[in-house]
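Notes for the one structure printed next.
Order of the sequence lines sets the chain letters (A, B, ...), proteins ahead of strands, with each chain counted from 1.
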Protein chains: 4
Amino acid sequence: MKDTLIDGRARRAEAKRRARREEILTAAQRAFSKRGYHATSISDVIDAAGISRGTFYLYFDGKDALFLDLIELFAQHIMRVIEVVDPGGPDPTGQIYQNIRRVVDVVFDHRDLAVVAFRETVGLDQSVDSKLNKLYGFLREMIEGALLKGASWGIIRQVNARIVTTALIGGIREVFYQYLVVDPVTYPDREAVAMSLFEFAVKGLLP
Amino acid sequence: MKDTLIDGRARRAEAKRRARREEILTAAQRAFSKRGYHATSISDVIDAAGISRGTFYLYFDGKDALFLDLIELFAQHIMRVIEVVDPGGPDPTGQIYQNIRRVVDVVFDHRDLAVVAFRETVGLDQSVDSKLNKLYGFLREMIEGALLKGASWGIIRQVNARIVTTALIGGIREVFYQYLVVDPVTYPDREAVAMSLFEFAVKGLLP
Amino acid sequence: MKDTLIDGRARRAEAKRRARREEILTAAQRAFSKRGYHATSISDVIDAAGISRGTFYLYFDGKDALFLDLIELFAQHIMRVIEVVDPGGPDPTGQIYQNIRRVVDVVFDHRDLAVVAFRETVGLDQSVDSKLNKLYGFLREMIEGALLKGASWGIIRQVNARIVTTALIGGIREVFYQYLVVDPVTYPDREAVAMSLFEFAVKGLLP
Amino acid sequence: MKDTLIDGRARRAEAKRRARREEILTAAQRAFSKRGYHATSISDVIDAAGISRGTFYLYFDGKDALFLDLIELFAQHIMRVIEVVDPGGPDPTGQIYQNIRRVVDVVFDHRDLAVVAFRETVGLDQSVDSKLNKLYGFLREMIEGALLKGASWGIIRQVNARIVTTALIGGIREVFYQYLVVDPVTYPDREAVAMSLFEFAVKGLLP
DNA sequence: CATGAATGAGTGTTCATTCAT
DNA sequence: AATGAATGAACACTCATTCAT
């Protein structure tokens, strides 16, 4: 009886703690996405989160750790929805499209987070770099593998897979950045964005 | 007589001033490209330039203004080599390739400057943004115009010109960034880089 | 009947409370002796004591008060074993030696506590000062009294009792500090330490 | 002509710089001696010195470095006036007395500095420790050497040189501390202080 | 023109203490 | 009685910018 009481308390405390952490992460996303990592101070974050200075350091080891968590979070979101394309399976290009479509969803469902991840280029910091590189390395591997396999199956052209992979990532990144930051559209036609990216990536410009 | 003397002096002084300014800009390129805008201090720049603190502020209004000048410089370099593609002229795709080829030259001839421009994403600052947007707007216009014209001439497919333009710029940018920062190659095969970018942009992935 | 019940409860509660207090004091001794007053945080103390933050403030008014209690504790230990030397009694110098011997025992039986008291010099804080001064004042009085009485009985030389007392205290303190902190010996030969201190204090350097 | 002008300027600048540094050191002595290392903030120091925050860091690497400099300064003062006692020379005990007398002068001529050095016990910090240990090691060596040599010449008693040396240093330290902090005397009778210390150290208490 | 000493607002971080549960 | 999440004042330190020389 008492144990369940204690457990209940502990559970509630744990839930509250998690919720608070989430709140801070959300506030940080907004703050970082608005002004970038360097220009955002801890004061900005705690003001946005409505907490005190000390409380922030109760939940995060520091500014770097917070930022790292955000990058990690975004990387997980993206990596969760990417599926290896099977060129021998049914409708391989359809599989590619579905991957793009799901990434579009992740990005527009987590706008601030996506902006944070896209805004800062590699080169910020050792540990941030490694997180970003983990994400980009993952994407790279997926895409490059698909390109090579697709070429061997005769589904796509022989191309310099490395360069094309890089270009694809950059292209997709830029399109999102445009939609999210430079010229934000509240409710973008996700289908259209995905289709455009897909066509650009797959069909090229020649008629 | 005295006027010519003064003019001579003034001219010499002006030349010296310009040379000094150039030196600072060059030093700043190296500094910013190595560590990024935020991590580079004015001390880094003046140490690299071999000038005193005060002198720096004699030539530039401040850190932001210096950075702005660098962006402006790069934008001019790029904008100078881009030529409007005439779909009715001889070998229109060749014209596109030549544009890409010339951009490749600019980037690899001004590595530090290019890194500075590519490293910091839009969003640093109001005025930096406007400079970068001017550059990107220019590129955008060129490419988008070519796409639309090309489509109307039946040379290229009907695509969402806006999105594809953005993707192209992002793709090119990313490829350069990879070559310049992440995995730098001292003497890249410019021809090969240009050709890969060209093929990727124009031919797409389908066989 | 109910009263005795209440009394029993109260007594048991009081005992528990005292035990808890003791535990915290012991943990604090270890913590303070290891890292000094300033470098030791309340977190260090409560971690060492295995209690929660709030509990600590239930037993002590704060960090200063805790420290004060430790100093007080040490002062009591020392003051308990010092006995007034009777120059007219049997073997007066033996009495001095026995005092030193007992102090040696107290110090080595309460190493951590001794280190705490010796480490921080007078000047930390108003109230800490007064506690330390109480201890030193007591020692001072004992020693100075013995010196004066001894001189009047012709047992010891005429000296500036105030200065010599101070020097004696400092000398003893330093020797202990050396043994406890700088060059700690797990099982020092207490007899030898006491004898050295005694000879130094009493016999001087002349042959 | 111009060179001498430049040299003159540089010399004046250098002199001014040195003077400023001295001012800060003096202010820091007062501040640290009043409240101790930990309780003294950089704000205290710069307020006392009448300079701005930034200026402080122009002259010192930080709080630790400043403190280190003070300890070093005191160590040099002391070490400069200590002379090796030659037991075969004229009046060996007189030589000891002269050493003590000179140390008394140094201490009372640099009260604040002496308090800073005496207040903080070994254990503050790695580098501070090493500086303090250098000073104490030096004193230790001087005194221990004199004790051993003196004993071999039959001038002083056979004693445990290590312990006695420690006790002497502690005794002297405490006496100074008393005069400087606990019960400060504006114009102490330096001769009397030196003589008391000397008698205590050399003659002991027996008649 | 050129200098570099001086400035002070701003940064990320710590920690003794409080108080609702 | 016991807890530990929350607080915010305080800290050491940085750096873009100014200005007397």
Check: For dA2(F), does either OP1 or OP2 sit under 4.0 Å from a side-chain N or O belonging to Tyr59(C)?
Finding: yes

Next item on the list: Return no unless some side-chain N or O of Arg17(A) is found under 4.0 Å from OP1 or OP2 of dG4(F).
Entry: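 So the side chain of Arg17(A) is outside the cut-off, no N or O lying under 4.0 Å from OP1 or OP2 of dG4(F).
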
Value rounded to 0.5 Å, distance of [atom1] in [X] from [atom2] in [Y]:
X	Y	atom1	atom2	value
Ser33(D)	Phe118(D)	OG	CZ	12.5 Å
Tyr37(D)	Asp64(D)	OH	CG	3.5 Å
Ile71(D)	Leu113(D)	CD1	CG	7.5 Å
Arg11(B)	Glu14(B)	CZ	CD	11.0 Å

In whole Å, I'd like the distance from the [atom1] atom of [X] to the [atom2] atom of [N].
X	N	atom1	atom2	answer
Arg18(A)	dA5(F)	CZ	P	14 Å
Glu23(D)	dA6(E)	CD	C1'	13 Å
Arg21(D)	dA6(E)	CZ	C1'	17 Å
Asp47(A)	dT11(E)	CG	C1'	14 Å
Leu58(D)	dG4(E)	CG	C1'	9 Å
Ile46(B)	dA2(E)	CD1	P	14 Å
Phe67(C)	dA16(E)	CZ	C1'	16 Å
Ile51(A)	dG4(F)	CD1	P	20 Å

Margin query: With side chain to side chain contact (heavy atoms under 4.5 Å, CB included) as the test, pick out the partner of Phe60(B) among Leu68(B), Leu25(B), Thr55(B).
Written below: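 Single side chain to side chain contact (heavy atoms under 4.5 Å, CB included) partner of Phe60(B) among Leu68(B), Leu25(B), Thr55(B): Leu25(B).
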
Check: Checking side chain to side chain contact (heavy atoms under 4.5 Å, CB included) against Phe74(C), which of Asp112(C), Val116(C), Leu135(C) comes through?
Finding: Leu135(C)

Checklist line | Qualifying side-chain hydrogen bond (donor to acceptor under 3.5 Å, both in side chains) pairs with a residue from residues 19-28 of chain B, counting only residues at least two apart or across chains | finding: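 Those involving residues 19-28 of chain B are Arg21(B)-Asp69(B).
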
Check: Going 5' to 3' along nucleotides 15-21 of chain F, which nucleotides have protein heavy atoms under 4.0 Å from the base (write B), which only from the sugar-phosphate (write S), and which from neither (write -)?
Finding: BBBB---

Checklist line | Short side-chain to backbone donor-acceptor contact, Asp44(C) and Ser41(C), under 3.5 Å | finding: yes

Margin query: Determine whether a donor-acceptor pair (N or O, by modelled atom type, separation under 3.5 Å) exists between the side chain of Lys63(D) and the backbone of Thr40(D).
Written below: yes

Item checked: Dot-bracket summary - DNA chain F, pairs being Watson-Crick or G-U whose distances fall under 3.5 Å, with | when paired to another strand -> .||||||||||||||||||||

